[in-house]
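Everything on this sheet refers to the single structure shown next.
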Amino acid sequence: MLIRHPANPVLQHTDCPFHATTVFNAGVVRHAGRYVMIFRNDYGRWGATPFDGCNIGLATSVDGIKWEVHPQPVLDEERARAGLRHLYPTRFGAGFIKRIYDPRISVVEGRPLLCFAADTAHGICGVIAETEDFINYRFLSMSAPDNRNMVLFPERIGGEYVRLERPFPVYMRDQPEAFPIWMSRSTDLRYWGRNEPVLGADEVPYANCKIGPAAPPVRTRAGWLTPIHAVTKDPTCRLDGWEERGWFKTYYAGLMLLDLENPSRVIGLMRRPLLTPETDYELNGYRGSVIFPCGMIYDESSGEVKLYYGAADTVIALASGHVDDLIAACEPLG
Ligand code: BMA
């Protein structure tokens with residue numbers, strides 16, 4: 001279904017002109033004639049955790065394969081705290097934001113918008129910021145905790161901005177980490193509501209744990225083509241990883257098709273993974289056996305779909321396929 005690019009990994013720590021260790025989970029868009037990538041960089045000692053910190057970097061490319069990395073990271077927790085302070089003036093002391101990570105980018109009707117996760121003193125939140133140059137950001141909103149993996153649709157639907165998100169409900173479930181995908185809407189990107197469930201982890205055959213939105217959806221003739229990640233956990237099977245306590249989760253890429261007018265309706269879902277960790281760079285690293293897509297580009301003229309994903313939480317890889325094959329692989333939900 002998808003072919004891995006022979007140049008994989010397309011970006012890794014040695015490509016960065018600043019201190020970088022694991023370079024992964026990257027939002028990617030095409031904007032103003034070039035590819036733009038915003039990626040996560042956990043920096044510290046190679047092969048060892050905990051890391052010293054995490055920041056967010058920028059890379060650009062002419063062909064989507066060879067990338068040039070901006071000389072400095074564009075965001076870190078201190079810049080996020082300073083940027084969010086005007087929204088929450090009473091609670092935003094130093095140290096309130098512990099870490100920011102897992103960026104996704106959408107260009108919504110020509111306006112570049114960044115979503116990322118923020119670990120705060122009061123829980124994990126999803127943040128939305130706007131930018132013109134991908135270097136300077138104006139912060140628009142932060143969700144209530146716990147929520148992350150936010151992705152924005154690239155256009156308003158029924159006059160409203162729409163996002164997919166992944167709350168972390170913990171009660172009322174047999175599988176404690178079987179977190180679902182939800183959707184919410186906004187007229188101004190600040191106030192979000194009209195929350196609707198979209199897909200449960202129990203509906204995905206290759207998940208016994210959580211699922212989440214992966215990259216922002218792309219419009220196709222058949223519906224919104226929307227990658228997801230899906231997790232299986234097997235505590236008896238230790239996977240490759242740098243953490244002493246071990247790593248036991250496999251992350252797959254999956255795919256669903258959402259109704260164009262009513263995107264909370266799943267009209268198709270791949271019953272088997274779109275990508276399974278197989279190559280050395282997917283199986284081995286900080287957290288082995290992880291495929292975590294955050295960016296997808298659809299070229300309507302050729303039908304090519306490029307999927308960018310974090311591999312083993314260590315590098316960034318690319319796999320491509322044809323839109324017709326991807327649409328055909330999504331089967332109606334039972
Ligand atoms: C998720 C997030 C991602 C990460 C993945 C696999 O919960 O933390 O950033 O890529 O786990 O470790």
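Below, all heavy atoms of this structure are taken into account, side chains as well, without hydrogens, waters or symmetry copies. Here, residue 1 is the first one in the sequence, and each next residue gets the next number. Whatever order the structure lists ligands and atoms in, that order sets their numbers, starting from 1.
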Practice item. Please check if any side-chain donor atom of Arg40 sits under 3.5 Å from a side-chain acceptor atom of Asn55, or the reverse. Key: no
Point to revise | Flag for Tyr35-Lys306: side-chain donor and acceptor within less than 3.5 Å | key: yes
Check your understanding: Do Phe18 and Tyr43 have ring centroids that are under 6.0 Å from one another?
Key -> no
Check your understanding: Does the side chain of Arg148 come under 3.5 Å of the side chain of Tyr101 through a donor N or O and an acceptor N or O?
Key -> yes
**Study point:** With His229, the ring pair (Phe, Tyr, Trp, His ring centres under 6.0 Å) member among Tyr252, Tyr206, Tyr251
**Key:** Tyr251
Any protein N/O atoms within less than 3.5 Å of an N/O atom in ligand 1? List the atom names and distances, or say none.
| unit_1 | atom_1 | unit_2 | atom_2 | d |
| --- | --- | --- | --- | --- |
| ligand 1 | 7 (O) | Arg148 | NH2 | 2.9 |
| ligand 1 | 7 (O) | Lys210 | NZ | 3.3 |
| ligand 1 | 7 (O) | Tyr251 | OH | 3.3 |
| ligand 1 | 9 (O) | Asn25 | ND2 | 3.2 |
| ligand 1 | 9 (O) | Arg40 | NH1 | 2.7 |
| ligand 1 | 9 (O) | Asp102 | OD1 | 3.0 |
| ligand 1 | 9 (O) | Asp102 | OD2 | 2.5 |
| ligand 1 | 10 (O) | Asn25 | ND2 | 2.9 |
| ligand 1 | 10 (O) | Asp313 | OD1 | 2.7 |
| ligand 1 | 10 (O) | Asp313 | OD2 | 3.4 |
| ligand 1 | 11 (O) | Tyr251 | OH | 2.9 |
| ligand 1 | 12 (O) | Arg287 | NH1 | 3.1 |
| ligand 1 | 12 (O) | Asp313 | OD2 | 2.5 |

Review point. Any side-chain donor-acceptor pair under 3.5 Å between Tyr309 and Glu282?
Key: yes
